[in-house]
6 protein chains.
Amino acid sequence: MPAETGFQEFRVEEYIVKKEPFYIPLTDEIDIFQASYRQKVPILLKGPTGTGKTRFVEYMAWRLGQPLTVIKSKSKSQQSDADGHVSGAIPLVTVACHEDMTASDLIGRYLLDINGTRWIDGPLTRAVKAGGICYLDEVVEARKDTTVIIHPLTDHRRILTVDKLGQVLEAAPGFLLVVSYNPGYQNALKDLKHSTRQRFVALEFDFPTGEREAKIIAHEAGVDAETATLLAKLGEKIRNLREHGLDEGASTRVLIYAGRLIKEGIPPRRACQVSVTWGITDDAHVQRSIDEVVSSIFP
Amino acid sequence: MPAETGFQEFRVEEYIVKKEPFYIPLTDEIDIFQASYRQKVPILLKGPTGTGKTRFVEYMAWRLGQPLTVIKSKSKSQQSDADGHVSGAIPLVTVACHEDMTASDLIGRYLLDINGTRWIDGPLTRAVKAGGICYLDEVVEARKDTTVIIHPLTDHRRILTVDKLGQVLEAAPGFLLVVSYNPGYQNALKDLKHSTRQRFVALEFDFPTGEREAKIIAHEAGVDAETATLLAKLGEKIRNLREHGLDEGASTRVLIYAGRLIKEGIPPRRACQVSVTWGITDDAHVQRSIDEVVSSIFP
Amino acid sequence: MPAETGFQEFRVEEYIVKKEPFYIPLTDEIDIFQASYRQKVPILLKGPTGTGKTRFVEYMAWRLGQPLTVIKSKSKSQQSDADGHVSGAIPLVTVACHEDMTASDLIGRYLLDINGTRWIDGPLTRAVKAGGICYLDEVVEARKDTTVIIHPLTDHRRILTVDKLGQVLEAAPGFLLVVSYNPGYQNALKDLKHSTRQRFVALEFDFPTGEREAKIIAHEAGVDAETATLLAKLGEKIRNLREHGLDEGASTRVLIYAGRLIKEGIPPRRACQVSVTWGITDDAHVQRSIDEVVSSIFP
Amino acid sequence: MPAETGFQEFRVEEYIVKKEPFYIPLTDEIDIFQASYRQKVPILLKGPTGTGKTRFVEYMAWRLGQPLTVIKSKSKSQQSDADGHVSGAIPLVTVACHEDMTASDLIGRYLLDINGTRWIDGPLTRAVKAGGICYLDEVVEARKDTTVIIHPLTDHRRILTVDKLGQVLEAAPGFLLVVSYNPGYQNALKDLKHSTRQRFVALEFDFPTGEREAKIIAHEAGVDAETATLLAKLGEKIRNLREHGLDEGASTRVLIYAGRLIKEGIPPRRACQVSVTWGITDDAHVQRSIDEVVSSIFP
Amino acid sequence: MPAETGFQEFRVEEYIVKKEPFYIPLTDEIDIFQASYRQKVPILLKGPTGTGKTRFVEYMAWRLGQPLTVIKSKSKSQQSDADGHVSGAIPLVTVACHEDMTASDLIGRYLLDINGTRWIDGPLTRAVKAGGICYLDEVVEARKDTTVIIHPLTDHRRILTVDKLGQVLEAAPGFLLVVSYNPGYQNALKDLKHSTRQRFVALEFDFPTGEREAKIIAHEAGVDAETATLLAKLGEKIRNLREHGLDEGASTRVLIYAGRLIKEGIPPRRACQVSVTWGITDDAHVQRSIDEVVSSIFP
Amino acid sequence: MPAETGFQEFRVEEYIVKKEPFYIPLTDEIDIFQASYRQKVPILLKGPTGTGKTRFVEYMAWRLGQPLTVIKSKSKSQQSDADGHVSGAIPLVTVACHEDMTASDLIGRYLLDINGTRWIDGPLTRAVKAGGICYLDEVVEARKDTTVIIHPLTDHRRILTVDKLGQVLEAAPGFLLVVSYNPGYQNALKDLKHSTRQRFVALEFDFPTGEREAKIIAHEAGVDAETATLLAKLGEKIRNLREHGLDEGASTRVLIYAGRLIKEGIPPRRACQVSVTWGITDDAHVQRSIDEVVSSIFP
């Protein structure tokens with residue numbers, strides 16, 4: 001494991017979603033996303049953890065990059081940037097925001113190596129230059145100096161000011177900013193300012209319905225349809241417990257985890273306990289309620 | 001996408017508003033701005049998000065730069081600075097302030113590259129040197145060390161002290177400081193100090209009236225007059241809901257977004273839902289009230 | 001607009017007040033200032049925004065530098081420093097303090113350029129060396145490490161310790177520290193410590209009386225005596241509203257702004273509205289009260 | 001003791017658990033861990049201090065690296081990485097998280113030496129490259145920028161973005177993230193976000209039962225079975241005091257300490273007092289209760 | 001006023017109090033200080049602002065350095081350090097502590113200049129090496145990392161660890177730490193820890209009595225005995241107002257200021273108003289009470 | 001006093017306690033310490049200021065290093081490290097923790113000098129390498145990143161990870177971590193975490209009893225037995241006042257101070273007043289109570 005001394009270039013290919021992500025649409029969210037993308041209207045995805053927001057963005061990045069998709073305002077630069085194997089593909093740059101994240105984390109910074117300083121583009125700058133989708137997950141978590149960057153990228157200007165380079169970059173045509181946030185988490189201190197919020201079209205996400213979730217579980221965990229259906233039913237019932245002291249329902253992810261352990265031979269009730277019951281709460285009382293639900297489904 | 005290692009010079013041309021921005025005056029704000037500009041009296045724009053403050057500044061920067069505009073105290077330096085294609089134009093430097101913004105972000109800083117350190121002017125310094133308008137959007141968000149810079153630029157001194165260069169810059173004749181703030185946001189901790197505030201003439205902005213807003217929507221979204229009128233009516237009705245739990249009304253921007261999605265073929269009620277209802281609030285109860293308004297207008 | 005790479009020397013001439021500032025004395029404040037200056041007793045100016053504290057310091061710096069002024073303990077160094085055109089003049093170094101200001105901002109710091117590091121004197125160090133007046137405006141705003149500097153400059157020691165140079169500078173004879181603060185702003189966290197406060201003689205400032213203020217407005221805005229008198233009357237009446245929800249009265253500055261807009265052809269009532277009413281408050285109720293006062297004066 | 005000027009390379013061997021850790025299973029936790037490891041499902045260990053979480057991870061790292069253990073998805077890279085004496089072994093990188101820990105502490109940073117800068121991989125990067133288990137002990141203590149790293153390592157992406165190198169590392173096949181946290185400590189400010197939490201299968205740990213704990217004490221302290229049994233009984237009784245003002249029960253570790261002091265000739269009651277009574281609480285009242293328990297067991 | 005590029009050496013002579021400070025003893029504080037100095041027992045001076053603590057330390061530093069003073073444990077190093085004109089003198093290094101002061105500010109730091117880095121001793125290190133008195137004024141204001149330095153200098157170890165140099169300095173024989181603090185200011189957050197506090201012998205200071213204060217005022221302000229007596233009486237009466245809303249009484253310093261202005265020809269009542277009334281409070285009600293006292297003394 | 005430009009090497013000899021510290025045992029604390037040292041069990045010393053914790057550690061470091069002391073697990077490295085005059089001696093590295101102390105302060109850091117960067121071991125690293133006792137005084141004061149260091153040094157691993165060097169150091173055999181804390185000071189924010197706390201055997205310290213304290217005072221202050229006995233009696237009586245508003249009793253240190261001043265000729269009551277009464281409290285009421293106790297003992 002030798003220590004690294006050089007820098008590697010970022011390659012746009014690393015950001016192309018090459019395989020179709022497994023995605024089952026909820027309603028018309030694909031149409032809305034496509035219309036917004038064509039109109040260069042930034043998109044805000046709202047909803048609790050595990051309702052498929054990240055997966056949806058990955059799916060749209062893949063779909064918009066397919067030859068059959070008609071993107072009216074298709075960018076010239078993307079065609080000319082294409083190096084043969086990537087044609088019309090939309091790079092997707094995903095950033096999980098957090099409360100210590102600053103504008104520099106998004107834009108880029110100088111790094112020192114043995115040959116002096118060298119500029120490294122941040123993830124947002126890469127998306128702006130490559131004409132890709134930049135997805136800022138849980139954007140309200142980021143520090144407020146990110147506002148100064150987001151605003152001119154989300155109106156008619158579509159520019160990114162890279163202060164440290166003394167540059168004003170115009171976003172490549174295919175660029176779009178997509179952000180997500182979870183309304184359940186927010187408090188007064190950590191809310192999107194109205195001046196930021198009203199720069200986005202909003203799509204609300206919620207947990208998938210039973211049948212749709214069963215399909216997802218079957219696909220992701222590799223379990224049979226029957227087990228998947230039971231697990232989806234479990235998810236649904238647990239979400240109904242939310243009024244009884246549960247902060248947030250079980251995400252599809254923990255149901256998939258349960259499925260995977262079942263596939264490995266762990267007994268279903270035990271698999272559900274470690275993936276679901278213990279995974280989503282520490283409250284002994286709530287845990288008992290969930291375990292009862294588990295027992296009623298996997299008797 | 002190679003990494004950058006050099007610096008590019010700032011060019012004043014990048015800051016000239018070249019095309020007339022679409023702007024429909026509300027009342028005599030153009031006269032007030034022109035009189036203040038001639039008298040070198042700094043300007044404060046007050047009002048909620050989406051009432052056109054930024055657009056107004058862009059429009060004034062463009063208008064004041066037109067040959068027909070008589071600017072009595074027209075700066076000599078701007079004439080002599082002119083390099084042929086830019087004559088009398090007023091550069092506009094816009095900065096979206098945020099709570100991590102410091103004086104250095106406005107004035108400039110040293111950067112290291114392979115040839116040593118190099119000074120990069122900040123946006124305010126550029127405006128001061130070029131004799132342009134510096135627009136500090138939501139100025140109260142900036143950290144308080146910005147006060148030390150703003151004060152001597154807003155009284156008879158009109159100077160900018162660049163400590164790190166050991167320089168005192170006299171503002172070029174065309175320079176004017178314009179700031180905005182949203183009274184609805186402020187709290188005790190984040191208010192303009194009186195000693196700062198009373199250095200500005202103030203213009204109050206509010207949402208445009210129905211007819212004026214319809215014209216803006218039609219122009220910006222590219223929809224027909226009828227749709228634009230309906231969307232403007234929607235905006236007006238929603239703003240009347242403000243007494244019923246809505247923090248801030250719908251900005252013209254979200255109405256334009258709805259118009260754009262309608263133009264892309266999204267059904268009007270759905271377009272309004274994702275642009276307006278979901279865009280401006282997370283409160284399910286308020287959302288229902290807005291959706292009812294939408295349904296009454298787009299039945 | 002090429003980027004700067006070198007440093008410019010500070011020149012003491014930049015800090016000489018060359019033209020007599022327009023100043024109408026309130027009472028015996030000129031005598032007190034002169035006596036304190038001769039006795040090397042530091043001065044604290046108290047009072048609300050816009051009551052002429054800064055202007056008074058500028059006036060005194062100019063006045064003390066005039067040949068006719070008898071300064072008993074006139075410093076030898078200033079005479080020998082004189083380079084021909086500046087003789088006996090007192091440099092004035094003004095610093096608007098803010099909550100991010102540290103001792104280094106006042107004393108100086110090292111800067112890196114292409115030739116290595118170089119020391120740049122801060123504003124206080126310049127005043128100490130040049131034997132000038134250092135005016136720290138709103139001194140309580142500065143961070144507390146400034147205390148360590150101010151104390152030994154305000155007692156019999158009259159020294160400035162420049163830690164980073166390893167130097168102890170004795171203040172040149174003409175040096176005096178003048179600070180201001182606004183008692184209305186202070187709270188427990190941001191008050192002058194007694195150990196700091198009792199190092200100054202204090203002068204209290206309040207808004208000028210009608211006739212005196214009219215003269216100032218006429219001079220500064222270039223309006224006729226009648227308009228100036230009406231504006232002064234407006235100021236007086238508004239200040240009487242202070243008991244009715246107005247935090248701070250209108251400063252002379254906003255009255256001058258109104259005068260300037262009137263001179264540019266803006267109707268008086270509108271000029272007063274944007275300069276005074278909207279300038280000093282966001283409270284709609286208070287605004288109406290002020291507008292009524294405006295209407296009664298400019299019917 | 002000469003000062004160091006060079007860097008030493010990290011060697012993967014340092015992170016291999018070479019000797020079988022002494023571990024007595026509680027229930028089916030070994031099966032769950034193995035199933036999760038095969039399924040690449042991250043693991044969260046919950047429970048109070050001293051319940052064997054760290055020891056369990058060490059044991060599993062050792063066990064999974066044994067030839068007899070059938071790891072279905074055994075990584076090719078680990079076989080090819082093997083340098084002869086290490087074959088199939090799973091490196092274990094343990095990090096005790098704390099409230100000043102940042103992402104850089106986990107990922108790595110540049111260091112300056114006499115030959116210029118040099119990159120040093122952080123502990124997480126080492127685990128990602130070597131295909132080992134990375135155990136983040138008390139993960140909620142770390143600063144929130146760690147979230148941005150953990151998320152893409154815990155879903156289908158299994159990638160680590162090393163911003164400062166401009167690299168996206170794909171985790172080697174054997175990599176798994178294991179984290180622990182103590183539900184009793186958490187408060188609103190320091191809780192795992194749901195979006196983080198639901199990325200793990202959870203195993204709950206509690207204090208061992210009497211017989212199992214006695215075996216551990218006998219093995220670790222080197223005392224006879226009788227003393228070990230008495231100490232285990234002491235632990236059990238003290239944990240029952242938890243309802244009477246004791247924040248947290250005695251860990252097995254302090255019982256082992258008591259055993260070791262007894263072995264050194266310290267009288268049992270005194271050994272228990274300094275290891276257990278004084279070790280776990282400062283409350284004089286609670287101390288008396290514990291001392292009484294001690295006296296009843298070691299009369 | 002050329003910018004500095006080099007460093008000047010600290011010279012111990014700069015820290016010798018060469019002229020006898022004017023000091024009138026209160027009681028046996030000189031004996032206590034001398035006994036403590038001989039016994040190397042650190043000293044804590046307590047009392048409100050302006051009660052002469054700093055002056056007392058200066059006086060003692062001067063007095064202990066006089067040939068006639070018998071200092072039993074007189075340090076050899078000071079004799080050998082003597083360069084001819086300074087023999088037995090005790091350097092005094094005074095530091096006004098503040099809430100941003102760190103250990104580095106006291107110990108020293110590396111500075112970069114054109115020839116590379118260079119170490120500059122901080123004030124405490126200078127006192128430790130030179131065997132002088134280090135006076136930390138208002139020590140509780142300093143940040144807590146100063147504790148780590150003070151402790152080993154105030155017990156039998158008498159050492160200063162200079163981490164950045166990798167050195168442990170033994171204090172020269174004449175070294176003594178003297179600190180001051182004002183009990184009236186302290187709160188729970190800013191109090192001396194007991195483990196720090198009980199390392200000092202404490203002397204309490206209060207305002208001087210009438211006759212003693214009159215002598216000081218006459219000497220320092222250069223006024224006649226009668227005026228000095230009246231001013232001392234004023235001070236005494238104002239201090240009696242302390243129960244009536246005055247935080248802290250008038251220091252001797254402000255009385256001296258009043259005396260100086262009187263000497264410059266300012267009428268006594270006005271001189272007292274600007275020096276005393278306005279100097280010590282902003283409360284209009286308390287100001288009136290003080291003005292009445294002034295009027296009763298200077299009718 | 002020339003400025004330093006080079007680094008000096010740390011020498012292990014500087015950390016050897018060469019002279020037997022004066023220590024009178026309280027009970028069996030010497031046996032417990034020795035047993036723990038042989039068993040490599042870390043030690044926590046609890047108790048108020050001035051109860052001899054630091055002195056005890058110094059005594060034990062000296063005692064364990066004596067040839068007659070039988071240390072079963074005596075380290076080989078220490079024998080081979082011995083350079084002739086130091087054989088078997090245990091270095092003692094003491095660190096007074098404070099709230100700004102970070103892990104780097106304990107582990108070490110790079111320093112820049114004219115020849116480039118150079119690593120300087122921190123105090124903990126020195127103890128780990130030299131096989132000495134590292135004593136962290138008031139450990140809860142240190143910042144929480146110290147936890148990450150302490151944990152692996154206090155269990156079976158006995159390792160120190162020096163991230164910045166990329167090294168994992170195994171502690172030399174003689175190494176032991178000893179920490180102290182004062183239960184009276186702690187609050188919820190600054191308490192040892194259970195996961196840290198239960199890594200230590202704990203010894204509780206309290207003020208010495210009358211006779212034992214008298215011996216200490218006589219030895220340290222150099223006063224006769226009678227005076228020492230009276231001072232010890234004073235200490236005991238004052239500690240009984242603790243229920244009457246005194247936060248913490250008089251430490252032995254302040255009694256020694258009183259003894260020293262008496263030896264210098266200061267009258268006993270006055271010596272007690274400045275050392276004890278004024279030294280331990282600012283409360284006038286409590287001071288009177290203490291003075292009464294003083295008067296009853298020194299009539």
Side-chain angles (χ1 to χ4, degrees), chain A residues 1-10 14-15 48-50 54 94-101 105 109 111-115 120-123 137-138 141 182 184-185 220-221 247-248 250-251 253-254 256-258 260-261 263-267 270-271 273-275 277-280 282-283, chain D residues 7 9-12 28 31-32 34-36 38-39 41 43-44 46 72 81 102-103 108 110 112 115-121 126 129-130 143-152 155-157 161-168 183-184 186 193-204:
Chain A
M1 202 176 1
E4 309 289 326
T5 55
F7 297 92
Q8 297 189 356
E9 294 300 323
F10 284 98
E14 288 183 5
Y15 294 93
T49 303
T54 301
T94 298
V95 184
C97 298
H98 55 84
E99 63 190 39
D100 296 321
M101 172 172 283
D105 294 322
R109 51 168 56 89
L111 292 177
L112 280 164
D113 75 355
I114 211 158
N115 300 313
I120 297 290
D121 281 340
D137 194 11
E138 300 204 30
E141 297 288 330
N182 182 341
Y185 284 175
E220 298 283 322
D247 290 345
E248 189 150 339
S251 68
R253 176 176 283 127
V254 298
I256 292 166
Y257 281 0
R260 286 193 190 172
L261 293 188
K263 203 184 152 203
E264 286 284 336
I266 305 293
R270 178 67 172 156
Q273 187 177 50
V274 298
S275 302
T277 314
W278 292 355
I280 67 180
D282 302 327
D283 186 307
Chain D
F7 297 92
E9 294 300 322
F10 283 98
R11 284 161 307 187
V12 72
D28 65 348
D31 295 338
I32 302 282
Q34 282 181 330
S36 298
R38 284 192 295 263
Q39 286 287 333
V41 171
I43 299 167
L44 166 65
K46 298 198 292 187
K72 286 173 188 167
D81 272 351
T102 64
Y110 279 96
L112 279 164
N115 300 315
T117 58
R118 187 168 168 176
W119 173 261
I120 297 290
D121 281 340
R126 279 174 252 148
K129 286 181 173 175
R143 289 180 69 84
K144 296 306 180 245
D145 62 352
T146 52
T147 309
V148 76
I149 317 168
I150 290 176
H151 282 200
D155 58 25
H156 61 285
R157 293 174 287 175
T161 301
V162 184
D163 268 350
K164 287 183 182 153
L165 290 178
Q167 290 184 332
V168 177
Q186 313 321 323
K193 291 199 295 180
H194 285 279
S195 61
T196 301
R197 179 175 184 139
Q198 299 206 0
R199 291 168 174 277
F200 296 88
V201 149
L203 283 169
E204 296 199 344

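Lettering of chains follows the sequences in order, A, B, ..., and the numbering in each one begins at 1.
With a 4.5 angstrom heavy-atom cutoff, A/Thr94 touches chain D only via side-chain atoms. For chain A, the nearby part of D/Arg157 is the side chain; its heavy atoms alone come within less than 4.5 Å.
By the 4.5 Å heavy-atom criterion applied to side chains, D/Val201 and A/Arg260 are not counted as neighbours. At a threshold of 4.5 Å between non-hydrogen side-chain atoms, the residues D/Arg197 and A/Asp282 count as touching.
Heavy-atom minimum distance, D/Phe200 versus A/Tyr257: N-CE2, 3.6 Å. Shown here for D/Gln198 and A/Arg253, the closest heavy-atom pair between the two residues is O-CD, 3.2 Å.
Rounding to the nearest 0.5 Å gives a distance of 12.5 Å between CD of D/Gln34 and CG of A/Leu261. Atom CZ in D/Arg38 sits 11.5 Å away from atom NZ in A/Lys263 (nearest 0.5 Å).
A/Glu220 meets the side-chain hydrogen bond (donor to acceptor under 3.5 Å, both in side chains) test with A/Arg55; sequence neighbours excluded.
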>> Before you tell me yes or no, could you show the steps for D/Leu44 and A/Trp278 under side-chain contact (heavy atoms from CB on, under 4.5 Å), namely the whole-Å CA-CA distance, both residues' side-chain angles and the distance that decides it to 0.1 Å?
In response: CA-CA 9 Å; D/Leu44 166 65; A/Trp278 292 355; over 6 Å; no
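Interface summary for chain D: among A/Gly122, A/Ser251, A/Ala221, the most heavy-atom pairs under 4.5 angstrom belong to A/Ser251.
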